[in-house]
Number of protein chains: 2
Amino acid sequence: MASEFRNNPVRVSCHECPLRLRSHFRPFSSEELDFVSHFKRGELNADPGSTVLVEGSHSAHLYTVLQGWGFRYKILEDGRRQILNYVVPGDMVGLQGAVMSEMQHSVEALTPITLCVFERNRLFTLFQKHAGLAFDLTWLAAREESILDEHLLSIGRRTATERAAYLLAFLFERGRVAGLLDEERRHVPVTQMHVADTLGLSIVHTNKTLKKLAERGLIRWLDRGCEVLDPEGLQAVANWSPGDPKLRPFI
Amino acid sequence: MASEFRNNPVRVSCHECPLRLRSHFRPFSSEELDFVSHFKRGELNADPGSTVLVEGSHSAHLYTVLQGWGFRYKILEDGRRQILNYVVPGDMVGLQGAVMSEMQHSVEALTPITLCVFERNRLFTLFQKHAGLAFDLTWLAAREESILDEHLLSIGRRTATERAAYLLAFLFERGRVAGLLDEERRHVPVTQMHVADTLGLSIVHTNKTLKKLAERGLIRWLDRGCEVLDPEGLQAVANWSPGDPKLRPFI
DNA sequence: CGCAGATTTGATTGTTGTCAATGATAGTGG
DNA sequence: CCACTATCATTGACAACAATCAAATCTGCG
């Protein structure tokens, strides 16, 4: 459950970042990579279940996910929890805290996760010196907004079955693009409690809803997660389709 | 229902923009105002009920709200509608369409509304020449994200009564800060249909829920809108409070 | 006046939550 | 290796909440 901060002198430079080779990221100039390398402060490793960022905190850092799954959430005083969105490699975390005063949500690791740690107070330099990277930040924020819009539509107006189908299709697609899924074992690492807290349903009703999807051959529920058997089928049930995968930035 | 585009030669320059005088906006430098004046293409006026921006469109423009109320929404194929958020003076609209390929949601006027129209293809110049304004754009996007997070928490995990109280407290606060509310007539210009489509409830159940709030003396329902009698009471019911009003940017 | 949109109300149906209990599995310490 | 525990998944019975159906009122407006 511990999390480890490595201000790692032998860490891989951003120039050799293995993630950057993936085809869906836009290529960076050498100057941009120099800056990002300098901007980077270290890496943070966290185990499943551990909290990476806490609501209300005034973090001096900003993060990019390098490896693994995580999720953002908020809780009410009496413990009711709402999962807001999931994070995968390439996603930025903590921009809210960096731009505004404090974090309005928490972040927890779903699998072992690695984050790049950036210096919050050098963010303005990024805006001054690298308009392209600044634009990328805005791009990422706009995309997060459009995902949240879809989640709102889902929770507000889709039925329980549609919601569940949407969520699993969505997670499958995110995992697929981020390269987190084996081709044979298309395993999305969430428990039914995570699904329930994302969809705004009770755990019992979530279980019954997922069972229906499994009976229709769309998914199979595994130990601590879900194997997606028929992504297109899920999309059809939810009446949702992922946008065409554009080239995306990765800071 | 018509909307009117004025490429108005006699329009007020951004230097004399009456909105900018309001105390919650950060002061702009003269260079910034020069740029924004140049960036601005004209003004758009729309009547209540008219659609300002359509989901799926590929707009060449970007907007800032100058006057009035509006809202963003998405609809499913069978007509189910989800209102995502409301816009008030100072809010930016259409950034998604500008940064990504096309609009993922629509925008409709709630009252007579006036928007500043900006040139989308000059957005990158803004990033290159005015880091401060670029930072402001990111700030606005991050703030929108944090509002959507709270909406998600609300729809997903609050009860119908809490949701309604949250929404009205939220709208009251936004209207108050934006200077849209008279001190005597604290009138939020939404119908119960808007409330229902924001909260993810049916119109009938919304009506019954609002009636309870009215019976508790928290609100009074008027012709086409809601008078907020006790904002703190609503906040207490919802277990929500607005963050301290920071100085915000306005482009 | 007559119309359209908005609000209100009661009756009924259906979905979802809560309660309670049972398995299943993995990890822990003896 | 085996009880012991904790977490996760599953199931049935029942209660609560919210949707749907249907109808009536009310309002502003042409």
Side-chain angles (χ1 to χ4, degrees), chain A residues 1-2 47-50 71 76 78-83 108-112 154-165 167-168 187-215 219-227, chain B residues 1 47-50 76 78-83 108-112 154-165 167-168 187-215 219-227:
Chain A
M1 287 295 174
D47 290 332
S50 65
F71 62 92
L76 291 169
D78 62 2
R80 283 175 284 177
R81 178 176 77 165
Q82 177 65 40
I83 294 182
E108 185 174 317
L110 212 43
T111 64
S154 211
I155 299 193
R157 287 304 185 206
R158 282 194 243 251
T159 65
T161 307
E162 291 170 341
R163 273 186 242 184
L167 177 63
L168 295 172
H187 185 247
V188 178
V190 289
T191 66
Q192 297 190 357
M193 182 63 101
H194 292 121
V195 175
D197 283 349
T198 311
L199 302 182
L201 298 171
S202 72
I203 177 79
V204 174
H205 196 66
T206 297
N207 178 274
K208 290 168 182 168
T209 304
L210 290 172
K211 197 182 177 188
K212 282 187 211 162
L213 293 180
E215 279 164 0
I219 62 169
R220 182 162 51 195
W221 204 264
L222 307 175
D223 179 23
R224 294 165 57 88
C226 170
E227 182 177 9
Chain B
M1 286 296 174
D47 289 332
S50 65
L76 291 170
D78 62 2
R80 283 174 285 177
R81 178 176 76 166
Q82 178 65 41
I83 294 181
E108 184 175 317
L110 213 43
T111 64
S154 209
I155 300 194
R157 286 305 184 206
R158 282 194 243 252
T159 66
T161 307
E162 290 169 341
R163 273 185 242 185
L167 177 62
L168 295 172
H187 184 247
V188 177
V190 289
T191 66
Q192 297 191 357
M193 182 63 102
H194 292 121
V195 175
D197 283 349
T198 311
L199 302 182
L201 298 171
S202 73
I203 178 78
V204 174
H205 196 64
T206 299
N207 178 272
K208 289 167 183 169
T209 304
L210 289 172
K211 197 183 177 188
K212 281 187 212 162
L213 292 180
E215 277 164 2
I219 61 169
R220 181 163 52 195
W221 204 266
L222 306 175
D223 179 24
R224 293 166 57 87
C226 169
E227 182 176 9

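Note on naming: letters A, B, ... go to the chains in the order of the sequence lines (proteins, then strands), and numbering restarts at 1 for each one.
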Check your understanding: Is the number of heavy atoms from other residues, nucleotides or ligands under 6.0 Å of Arg80(A) CZ greater than 12?
Key -> yes
Point to revise | Boundaries of the chain B footprint along DNA chain D (any atom under 4.0 Å from a heavy atom) | key: dA18(D) to dG28(D)
Check your understanding: Is there a donor-acceptor contact under 3.5 Å from the side chain of Arg158(B) to the main chain of Arg163(B)?
Key -> no
Review point. Atom CD1 in Ile83(A), atom CZ in Arg157(B): separation rounded to 0.5 Å?
Key: 9.0 Å
Point to revise | Worked check of side chain to side chain contact (heavy atoms under 4.5 Å, CB included) between Lys212(A) and Thr209(A) | key: CA-CA 5 Å; Lys212(A) 282 187 211 162; Thr209(A) 304; 5.6 Å; no
Review point. Over how many whole Å does the gap from Lys208(A) atom NZ to dG17(C) atom P extend?
Key: 10 Å
Revision key, fill the gap. d(Leu167(A) CG, Thr206(A) OG1) to nearest 0.5 Å is 10.0 Å
So which protein nitrogen or oxygen atoms get under 3.5 Å of nucleotides 1-8 of chain C's nitrogens or oxygens?
unit_1: dA6(C); atom_1: OP1; unit_2: Arg224(B); atom_2: NH1; d: 3.3
unit_1: dT7(C); atom_1: OP1; unit_2: Trp221(B); atom_2: NE1; d: 2.7
unit_1: dT7(C); atom_1: OP2; unit_2: Gln192(B); atom_2: N; d: 2.8
unit_1: dT8(C); atom_1: OP2; unit_2: Gln192(B); atom_2: NE2; d: 2.7
unit_1: dT8(C); atom_1: OP2; unit_2: Asn207(B); atom_2: ND2; d: 2.7

Check your understanding: In this structure, which one of Gln192(B), Gln82(B), Arg81(B) forms a side chain to side chain donor-acceptor pair (under 3.5 Å) with Asp197(B)?
Key -> Arg81(B)
**Study point:** Nearest-Å distance for atom pair CZ/P, residues Arg157(A) and dT15(C)
**Key:** 16 Å
**Study point:** Separation of atom NE2 in His205(A) from atom P in dC19(C), rounded to whole Å
**Key:** 17 Å
Point to revise | Closest contact, heavy atoms only, Pro48(A) versus Leu110(A) | key: CB-O, 3.6 Å
Practice item. Heavy atoms only: give me the nearest Ile155(A)-Leu199(A) pair and the separation to one decimal. Key: CG2-O, 3.9 Å
